[in-house]
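No experiment lies behind these values; they were computed from the predicted model shown.
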Amino acid sequence: FSYGAHVGYAYFITPHFGLGIGADFRRHGDALTLTTTQSWEDVTDTDGEPYNHHLVINKWRERQRAFYVSIPISIQFRIPIRSVDIYLMAGASYDIALNGHTSAQGTLTHTGDYPQWNMHVDDDVHAYGFYSTDDYKPSGKLSMKNTASAFIRADINIPINNRWYFFTGLIARYTFLPAYTQPEQVVSGFRDDSPVGPEAHPFMPNYEPMVNTELISGSFHPITVGVELGVRYVFPKRKHKYPCNCI
């Protein structure tokens, strides 16, 4: 999920057309899920015996949370309908990355095959690195960069009095520049932090956020759709005074 706060000012050149500028604070959220099996052949166990290790990754879910300060500009159209106004807006924003982090959890199951003995070891020999766990919940930092996005808004303006209005509407946003930096050649790993994990699985890389690994191809272009609520204040029209020489 995502949320944000916006403050803005719009100047209407005509009663129905205007230009807007503002400042936003946004929290953007997304998630990745993974279910797969990873295998390592001809590795050694804690006794130095060769075997093939299998890791079943089940319902792994990684959440990303990224925070931005944005500067939006927009064109706005006002459509009066009886006692309410409808505002249609379209624009773009420059999004300054503040920080971002990830958290993940799921079930990891370690088993092993010993071809020389025609033996399979299930996940019930914890001391030797064969076990299941859902207690591993790693976290990490997102490698973020500034980006840009386009948005559209549609609001219904309901008068409270002559100057103040309550509005509600919809907003949709598409990030057209990549949101995260994705380093090359970072290998994914799921070595957990159990007491026997590092000793029993030295061949397994440490966990890295999935957005920073080879598991993800292409680039991230987040899309958000949401509801907005707020208040709008309409400044009174300026009265122009002209000199009048009366006779």
- Item | Residue pair Val84 / Tyr165, side-chain heavy-atom distance below 4.5 Å | no

- Between Asp47 and Tyr128, is a side-chain contact (heavy atoms from CB on, under 4.5 Å) present by the stated rule, with each step listed? CA-CA 9 Å; Asp47 290 336; Tyr128 289 90; 3.5 Å; yes

- Determine the minimum heavy-atom distance between Thr35 and Lys59, stating which atoms define it. OG1-N, 3.0 Å

- Query: Can you tell me how far the CG atom of Asp30 sits from the CG atom of Leu142, to the nearest 0.5 Å?
  - Reply: 8.0 Å

- Query: Going through the checks in order, is the side chain to side chain donor-acceptor pair (under 3.5 Å) test met by Thr175 and Ser149?
  - Reply: CA-CA 4 Å; Thr175 304; Ser149 54; 4.8 Å; no

- What orientation do Tyr51 and Tyr114 show, parallel under 30°, tilted 30 to 60°, or perpendicular over 60°? parallel

- Query: Could you go step by step and tell me if Asp193 and Tyr136 meet the side chain to side chain donor-acceptor pair (under 3.5 Å) rule?
  - Reply: CA-CA 7 Å; Asp193 56 0; Tyr136 185 47; 6.0 Å; no

- Is there a side-chain contact between Arg26 and Arg173 (heavy atoms, below 4.5 Å)? yes

- Task: Check whether any side-chain heavy atom of Arg163 lies under 4.5 Å from a side-chain heavy atom of Asn161, and answer yes or no.
- Result: yes

- Message: Using every non-hydrogen atom in the two residues, find where Lys145 and Tyr180 come nearest and quote the distance to one decimal.
- Response: CE-O, 3.8 Å

- Task: Quick one: closest heavy-atom pair of Pro195 and Pro198, and the distance?
- Result: O-CD, 4.3 Å

- How long is the span from the CG atom in Leu177 to the OG1 atom in Thr147, to the nearest 0.5 Å? 4.5 Å

- Message: Within the structure provided, determine whether Leu19 and Ile73 are in side-chain contact (heavy-atom separation under 4.5 Å).
- Response: no

- Message: With a 3.5 Å distance limit and no angle check, can you tell me whether Asp192 reaches the backbone of Ser194 through a side-chain donor-acceptor pair?
- Response: yes

- Compare all side-chain heavy atoms of Leu229 with those of Phe166 and state whether any distance is below 4.5 angstrom. yes

- Item | Of Arg78, His16, Arg232, the residue whose pairing with Asp85 passes side-chain hydrogen bond (donor to acceptor under 3.5 Å, both in side chains) | Arg78

- Qualifying residues under salt bridge (Lys or Arg N to Asp or Glu O under 4.0 Å), relative to Arg65, sequence neighbours excluded: none

- Query: How are the rings of Tyr131 and His110 set to each other: parallel, tilted or perpendicular (split at 30° and 60°)?
  - Reply: tilted

- Side-chain heavy-atom pair Val56, Thr111 within 4.5 angstrom cut-off: no

- Task: Give the C-alpha distance, both sets of side-chain angles, the deciding distance and a yes or no for ring-ring contact (aromatic ring centres under 6.0 Å, His included) between Phe12 and Phe17.
- Result: CA-CA 6 Å; Phe12 276 76; Phe17 175 77; 7.9 Å; no

- Minimal non-hydrogen separation, His28 against Tyr68, with atom names: CB-CE1, 4.5 Å

- Mind telling me whether Tyr233 and Phe235 have parallel, tilted or perpendicular rings, with 30° and 60° as the class edges? perpendicular

- Task: Verify whether one side chain among Tyr207 and Glu62 offers a donor that lies under 3.5 Å from an acceptor in the other.
- Result: yes

- Student check: side-chain heavy atoms of Val43 and Met204 closer than 4.5 Å: no

- Message: Applying side chain to side chain donor-acceptor pair (under 3.5 Å) to Ser219 and His221, what does each step give before you reach the verdict?
- Response: CA-CA 7 Å; Ser219 55; His221 298 273; 3.0 Å; yes

- Thr107 versus Asp134, side-chain donor and acceptor atoms under 3.5 Å: no

- Would Ile57 and Val211 show up in the same hydrophobic cluster when neighbours are defined by side-chain heavy atoms closer than 4.5 Å? yes

- Message: Quick check on the hydrophobic clustering: are Val7 and Tyr3 connected, directly or via other members, by side-chain heavy-atom contacts under 4.5 Å?
- Response: no

- Query: Does the side chain to side chain donor-acceptor pair (under 3.5 Å) test come out yes or no for Thr109 and Asp123, once each step is laid out?
  - Reply: CA-CA 7 Å; Thr109 301; Asp123 58 335; 4.7 Å; no

- Note on the structure: To the nearest 0.5 Å, atom OG1 of Thr213 lies from atom CD of Glu208 at 8.0 Å

- Establish, for the pair Arg27 and Phe1, whether the NZ or CZ atom is under 6.0 angstrom from the six-membered ring centre and no further than 45 degrees off its axis. yes

- Can you name the closest pair of heavy atoms from Tyr87 and Asn157 and give their distance? CE1-ND2, 3.5 Å

- Looking at side-chain heavy atoms only, is the closest gap between Met89 and Pro72 below 4.5 Å? no

- Thr44 versus Phe203, closest heavy-atom pair with distance: O-CE2, 4.5 Å

- Item | Rounded distance [0.5 Å steps], CZ in Phe130 versus NE2 in His120 | 9.5 Å

